[in-house]
Amino acid sequence: MLLLQLLKYKRFIRIIMQYNFNAIEAKWQKKWAKQKPFQAKQPAELTEQKPPFYVLDMFPYPSGAGLHVGHPLGYIASDIYARYKRHKGFNVLHPQGYDSFGLPAEQYAIQTGQHPAKTTEVNIKRYREQLDKIGFSFDWSREVRTSNPDYYRWTQWIFIQLFESWYNQETDKAEPISNLIQLFEKHGNIQVNAASDEDVETFSAEVWSAFSDHKKEAILLQYRLTYLAETEVNWCPALGTVLANDEIVNGISERGGHPVVRKKMKQWSMRISAYAERLLQGLENLDWTESLKESQRNWIGKSVGAQLRFKIENFESFIEVFTTRPDTIFGVSFMTLAPEHELVAKITTPEQKEQVEAYIKAASLKSERDRMADVKSITGVFTGAYAEHPFTKEPIPIWIGDYVLAGYGTGAVMAVPCGDQRDYDFAKYFNIPIPNVFKDVDISEKAHADKDHTIIANSDFLNGLNAKEAIAKAIEKLEKISAGTGKTNYRLRDAVFSRQRYWGEPFPVYYVDGLPKMINEKHLPLQLPEINEYLPTEDGAPPLGRADFWAWDTKNNKVVDNKLIDHKTIFPLELNTMPGWAGSSWYMFRYMDAHNNSGIALSEALQYWKNVDLYIGGSEHATGHLLYSRFWTKFLNDLDVLPVEEPFKKLINQGMILGESAFVHRLKDSNTFITADLIEGKETQPIHTDVSLVNFSNELDIEGFKNWRPEFQDAKFITDENGKYIVSREVEKMSKSKYNVVNPDDICEDFGADTLRMYEMFLGPLEQAKPWNTAGITGVHNFLKKLWKLYHNGDKFEVSGQSASKESLKTLHKTIKKVTEDIENFSFNTSVSTFMICVNELTQQKCNSKEILGPLAVLISPYAPHIAEELWEKLGNENGISEANYPVYEEKYLKEDNKTYPISFNGKMRFTLDLSLDLSKDEIENAVMQDERTQKQLEGRTPKKVIVVPGKIVNIVG
RNA sequence: GCUCGGAUGGUGGAAUUGGUAGACACGUUGGACUUAAAAUCCAAUGGCCAUUAUGGCCGUGCGGGUUCAAGUCCCGCUCCGAGUACCA
């Protein structure tokens, strides 16, 4: 009896003394929350000199689904780096927040009537709980939420600054619109070199002063960095809303399957194109991956060429075209206009009218995406009109075709079929001549698009020149006869900034006589109004059209009842809201001083933190978010609000963690399921099953499966000879619909956050996509148990004060060296291996010296912070481990006297030989040649050559 | 089509300037402890051949090349992934 009790007691002790990760992690998370050791210091609060370092994750959209194990991957990496930098003596800014405006919350509101603010709040709470369980060292005192009025107040403020600015191409920066007005008053707009709409009329100073205020405003709008413009959108009349390209499938809406038409709408746009060249040049100095920079370069799409004017016969109009190949000007055999081109209606001859109109109608029904997708079929119509060749004066037929895009360049091309495959195909199809302007090039099969090894022929004054010379010469001649000029074109288009949605930032804009006016920034934020339903109105206005209180009283500077609108002092407010990328384009600067209400942040703080040193996030934002935030940063830099030109110095894209889906196989037309080994030769249908119903050996919990969904209640199972039902596995994207989601909460519960953190890193290189496999986690978990044991003797915490053995010091210092290098290179997977090797070796050495175990705890704390804190505390330290200095690697401990040389014969390693590193080349050679194994290998032959690389290898040839 | 990645055991991956390929784990197999299981510990584990130990051959997607030496460098392909696309 007594013995039994004693046994039970011993077991109890073992449990409490063993690595009890749940208790340890809860304890430290509570302490961190209370003591806030991870708060970054503002420059004024610094008591000692510490360099700043800013580590940022792309903030999440708090979706209702919560986090799965793929989401924290980047956060773990950045957290390791942030903790490491703190150990290294940096004042680290490592904040987190939420991109909390967005479509899913609104969609949910439409379905349930719940206010998006409420569901967002609930989701954020859940996110926060999940994040806290993983033990991140975020400075939550700086949390931002884009949907918070204190935050979007400044998003609105930035919008106003953009409205009040124009882009001066002389100074190459944004300037106040008041400067522009002064220029107009002095010189009109003739000498102004500004980024503007294409169709601005020219006027002199006198003409300008004579304009009405209304007219002046309308003209200024064509220069402002954010402006209202007619933009083509995908309009779905049935849904009463505008759809994004990917919400449309085959010309009908994905949701509901309603027809979609292309329609012009007045919308806010951002004149990002003004920054195209700077956005391109700025990439040079960024520490981003080449592929990411390449995506941005492609997106900006710079092309150098010429803009040409072709006179239209019998009209006083010209067709403007952009070409990169003015050298092929003599190869033009027709012109093609986009169906939407404004001249089409004017120049079409009566005979061709019917055909042309039918073609335009058909094209308008196709979405832009459909038009792009359908590259194969060649369509087009002749307008009946002709243009005049600028040099030969020959007539050139003018066609329309939807392979020419209205939105790029001038929406018209000079078609040179011998040099462009699309023009070539078009010409072949419609039997248009294909003149050849290349010397000794066969164009009977396909066009010759090569620029580099080409001599121009049949081209008057360009004959005999290579392409480069011919381009320069052609531009020179064109300029002489005023038929064209050299020009650089960018693919980057101005970004539409209006959304017909509720859950986004309201524009601080009201309308007077149809022209937009800004609310004075003193009266921001303009808060989202309450509405009863989150749908567009019956007459197709955006959801804000439902608000009863949505008018601006300019006398009292407040929002008032719509009934009071008199268009004298009370005006209607803008009904659109801003897109998702508005708030995310500047949030990285808000963290620098998150609660400031005098500006986006205090300028001292902006000056101190500058920009993000390390930014980690998904590659899906390569061209959207990362381009827009660079744009806003450059703009705010022009205004001297920000001291930097770029928001993110270094950027890493973490790879996706994929799920391992599990499939059961149902025999065709039955409710019988067959185990994976027996499906061969049978007609089966694979069905996703929830991975939580499958154990590590791929064995299905049959009862659980039956209860999982009602239709499987009566399912029959054909099992293997052991009575087990085995599922098949496949690696897919982790998603709810594939039932392969693994929740980090469960992992933390079963193995601990430290295990989760290390395992996610251990899976493979950060930037690579890799499958999640929960079975493998035991390796990392065992490692942490072994680590724990190093500091304990049986049940007792026990470390010795005695100095460590030479061996252990060597183990420690080689670990410091490798782990430090790995962190600096973001090679976290290899540092986890290094820790494993280290702990294995120290265990072997029976090392329990404080001299080793102290630094080891610090070394590992960025990766496994909870266990490290616990051990650190047990080691008798009063301050938290995050305040500890990072161990310093000392070479002396690694110094080797001997090297185990691999001895190769003809490049193949045959044996190893321990030799002193002090030996000279000759001495090494002698030692090797004297070894009996060498003689055995040579079998009496004399080596032709012996290669000795001291410290590395010996290779004997012969 | 174009651009950028990638291909190494049964699996995830390692090999940082060309120098012992497969570190570290998972999995598998065998063993110890236990009444038993779990946990833990020990051993083996790229393939093939041979064995008393010692060994031998093959091997980093495929075909060539450079080199004393190639997963690593060069040339030509194949396949996979991501992004992008009628951009004139």
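Note on naming: letters A, B, ... go to the chains in the order of the sequence lines (proteins, then strands), and numbering restarts at 1 for each one.
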Watson-Crick/G-U partner (both atom distances under 3.5 Å) of B:rG22: none

Distance below 4.0 Å between A:Asn782 side-chain N/O and B:rU40 OP1 or OP2: yes

Contact under 4.0 Å: A:Asn840 side-chain N or O vs B:rC24 OP1/OP2: no

salt_bridge(A:Glu925, A:Lys921) N-O dist < 4.0 Å: no

Complement of B:rU78, any strand, by Watson-Crick or G-U distances under 3.5 angstrom: B:rA7

Complementary nucleotide for B:rC41 - Watson-Crick or wobble, under 3.5 Å: B:rG31

Aromatic plane relationship, A:Tyr889 with A:His813 - under 30° parallel, 30 to 60° tilted, over 60° perpendicular: tilted

Base-pairing mate for B:rG1 - Watson-Crick or G-U, with both contacts under 3.5 Å: B:rU84

Whether A:Tyr408 and A:Phe322 hold their rings parallel, tilted or perpendicular, with breakpoints at 30° and 60°: perpendicular

Under-4.0 Å side-chain N/O to phosphate OP1/OP2 contact, A:Lys785 with B:rU40: yes

Least distance between heavy atoms, A:Val780 atom then A:Thr755 atom: CG1-O, 3.8 Å

B:rU11 base / A:Lys770 side chain donor-acceptor hit below 3.5 Å: no

Partner nucleotide of B:rG55 by Watson-Crick or wobble geometry (both distances under 3.5 Å): B:rC49

Distance below 4.0 Å between A:Arg910 side-chain N/O and B:rU20 OP1 or OP2: no

Below 4.0 Å: OP1/OP2 of B:rG5 and any side-chain N or O of A:Gln768: no

Atom pair distance, as rounded to whole Å: CG in A:Asn829 and C1' in B:rU8: 15 Å

